[in-house]
Trainee: 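Mind looking over this structure? Questions follow.
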Amino acid sequence: MLNSIDINKIREEFPVLNQEVNGFPLVYFDNAATSQKPTEVLEALNGYYRGYNSNVHRGAHTLAAKATDAFEATREKVRDFVGAAHTEEIIFTKGTTEAINLVAYSYGRAFIKEGDEIMISAMEHHSNIVPWQVLCEEKGAVLKIIPVSSEGELDYEAFENLLSEKTKFVAVVHVSNSLGTVNDVQRIIAAAKKVGAKVLLDGAQSSPHFNIDVQALDCDFYVFSGHKIYGPTGIGALYGKKEILEAMPPFLGGGEMIKEVTFAKTTYNELPYKFEAGTPNIGDTVALKNAIEFIERIGKDNIADHENSLLLYATEKMRAIPGIRLVGTAKNKVSVISFLMEGVHHFDLGMMLDARGIAIRTGHHCTQPLMNEFGIDGTARLSLAVYNTKEEIDTFVKALSNIANRFSKQKQKIS
Ligand SMILES: *Cc1c(COP(=O)(O)O)cnc(C)c1O
């Protein structure tokens, strides 16, 4: 049984939500791009810079020890958040993009050879396409694409047919940022294991919405961004299985990642520091712990339940508006709704909604190949978070209906 959560109380923890935009109360529906931050995250940032700003892992003084403890406490929190077995399996990165690049660069350059195949899906974010393209070009490896259906679901049979002993790496998005589709990653991982391929999950959109257990999933890598789970920008994490990370060469060279440096030879530090060259993003890392604690306090099941009821409510209301076409109608979805309105370009739709204080995203959502598959240049997209309400959806649906009415009348006049 789920606890009921008090959304109004949760909203009070997000100062940014309490404002008017263009003369209307802000309705923030762009959470898949970045989520807002609760007071405790803002206070943690402030508290770090005001109270104990110091470099980590080096100084012998009290503030440095305090900063190091807070920094490492976040690593332990992230370990628990993704269900990893060992704390040193958590590498801090700037976010999802850097984490994928780290794996493509380090694992890819060490272990991918000419003629090897790397598989991604047709619904990947550009950050899970480009690093693999670069690698394939450099190594003479081949990029294979898992096709997507018109509903926005992966074609698992096609995937299984594409798999062979040539497949060395499978990198797929856990939840699509453009369509909201939840992919059956268990099936993908099980099939990939059979041919000995390593699997990376892009968790940028799964981490905010449901519980992650990398051990139960048995993925080799899982990556996510702090700013999409109510935390700061500029901090994210890579989870990797210890034995694989240990076999991988460093990504960047510099301070922190070394054991000993001479001009003749450098030996590298142990995990996770081997992959964390230079002074890290300490303040944002410290505050990421508070973002995870915020999620834990509300409970991921409660978050998922609330968002899911909003998703169903919004989907039903939007389907009733004439001229609206939903893009991505997978059976298993999170609270992301991509749509088009007949006769109105998504970009103009975004501007008209913004004039009513409603923030949505328009464009290709960094998934241009997916848009090409659908034969469109982009969509309008609303994406929901725990602080969104039914009333906000009513406001949005009313604004959308008004726009639809206006444009269908204009069309009648013209014809
Ligand atoms: C946002 C996002 C990314 C990129 O994350 P950054 O924080 O910009 O590095 C990658 N994949 C998906 C599915 C995303 O939603």
Side-chain angles (χ1 to χ4, degrees), residues 21-24 26-33 122-123 125-126 147-155 175-182 205 307-384 388-415:
V21 170
N22 298 321
F24 293 89
L26 168 66
V27 173
Y28 186 77
F29 279 173
D30 194 16
N31 295 286
M123 62 169 82
H125 189 283
H126 294 161
V148 65
S149 74
S150 55
E151 286 79 37
E153 290 176 341
L154 292 182
D155 184 338
V175 169
S176 159
N177 64 305
S178 311
L179 308 174
T181 310
V182 180
Q205 298 295 340
E307 290 174 347
N308 207 39
S309 73
L310 292 182
L311 169 70
L312 297 178
Y313 183 69
T315 305
E316 195 191 304
K317 294 265 170 179
M318 288 172 72
R319 277 190 201 283
I321 303 173
I324 291 284
R325 170 185 156 204
L326 301 184
V327 180
T329 49
K331 276 186 245 30
N332 196 1
K333 274 186 70 169
V334 298
S335 50
V336 170
I337 307 177
S338 255
F339 64 99
L340 295 168
M341 185 185 278
E342 209 189 311
V344 186
H345 193 267
H346 48 82
F347 179 76
D348 298 327
L349 202 52
M351 300 276 279
M352 287 185 263
L353 290 168
D354 182 55
R356 314 274 313 180
I358 301 167
I360 60 157
R361 178 80 175 258
T362 64
H364 53 62
H365 319 297
C366 298
T367 55
Q368 269 181 330
L370 178 65
M371 297 296 121
N372 289 341
E373 290 290 310
F374 280 94
I376 53 183
D377 68 344
T379 68
R381 177 190 74 182
L382 68 149
S383 50
L384 308 169
N388 290 126
T389 65
K390 246 174 116 172
E391 291 71 33
E392 287 182 311
I393 290 171
D394 290 335
T395 304
F396 164 76
V397 166
K398 205 172 144 200
L400 205 58
S401 301
N402 285 341
I403 296 168
N405 266 333
R406 189 145 36 103
F407 280 86
S408 72
K409 279 200 194 105
Q410 273 182 11
K411 235 179 27 198
Q412 280 165 10
K413 266 188 222 153
I414 293 164
S415 60

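Quick caveat, the model's predicted, so the values are computed rather than measured.
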Trainee: Of all heavy-atom pairs between Ile358 and Phe396, which one has the smallest distance, and what is that distance?
Mentor: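 So the two residues come closest at CD1-CA, 3.8 Å.
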Trainee: Quick one: does any side-chain atom of Gln205 pair with a main-chain N or O of Ala32 as donor and acceptor, under 3.5 Å?
Mentor: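 Here the side-chain-to-backbone pair exists.
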Trainee: Have a look at Asp377 and tell me which of His364, Gln368, His345 forms a side chain to side chain donor-acceptor pair (under 3.5 Å) with it.
Mentor: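 Of the listed options, the one satisfying the test is His345.
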Trainee: Can you tell me if Ser338 uses its side chain to pair, donor with acceptor, with the backbone of Ser178 under 3.5 Å?
Mentor: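 Such a contact is found between Ser338 side chain and Ser178 backbone.
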Trainee: Taking CZ in Phe347 as the centre, count heavy atoms belonging to other residues, nucleotides or ligands within less than 6.0 Å. Is the count above 12?
Mentor: no
Trainee: Please give me the minimum heavy-atom distance between Met371 and Gly378, naming the atom from each residue.
Mentor: SD-CA, 3.6 Å
Trainee: What distance separates Tyr313 OH from Ser335 OG, expressed to the nearest 0.5 Å?
Mentor: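 Between Tyr313 OH and Ser335 OG, I get 16.0 Å after rounding to 0.5 Å.
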Trainee: Short question: side chain of Lys333, backbone of Gly328 - any donor-acceptor pair under 3.5 Å?
Mentor: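 Such a contact is found between Lys333 side chain and Gly328 backbone.
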Trainee: Is there side-chain contact between Val344 and Met352, with heavy atoms separated by less than 4.5 Å?
Mentor: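 They are in contact (side-chain heavy atoms under 4.5 Å apart), so the answer is yes.
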Trainee: Report yes if some heavy atom in the side chain of His346 is under 4.5 Å from a heavy atom in the side chain of Leu340; otherwise report no.
Mentor: yes
Trainee: Side chain of His365, backbone of Thr367: donor and acceptor closer than 3.5 Å?
Mentor: no
Trainee: Which heavy atom in Arg381 sits nearest to a heavy atom in Asn177, and how many Å separate them?
Mentor: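 Looks like NH1-O, 2.9 Å.
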Trainee: So, for Leu326 and Met318, which heavy atoms are closest and what is the spacing to 0.1 Å?
Mentor: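 Shortest heavy-atom separation between Leu326 and Met318 comes out as CD2-CE, 4.0 Å.
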Trainee: Without swapping roles, check the side chain of Glu307 against the backbone of Val334 for a donor-acceptor pair under 3.5 Å.
Mentor: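 Side chain of Glu307 to backbone of Val334, a donor-acceptor pair under 3.5 Å: no, none is there.
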Trainee: State, to 0.1 Å, how close Gly152 and Ala330 come at their nearest heavy-atom pair, and which atoms those are.
Mentor: O-CB, 4.2 Å
Trainee: Are Glu392 and Leu382 side-chain neighbours, meaning at least one heavy-atom pair lies under 4.5 Å?
Mentor: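 Counting from C-beta outward, Glu392 and Leu382 never come under 4.5 Å.
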Trainee: When you compare the side chain of Ile403 with that of Arg406, does any pair of heavy atoms fall below 4.5 Å?
Mentor: yes
Trainee: Minimum heavy-atom separation for Phe374 to Leu179, with atom names?
Mentor: CE1-CD1, 4.0 Å
Trainee: Distance-only, no hydrogens or angles: does the Asn22 side chain make a donor-acceptor pair with backbone N or O of Arg356 under 3.5 Å?
Mentor: no
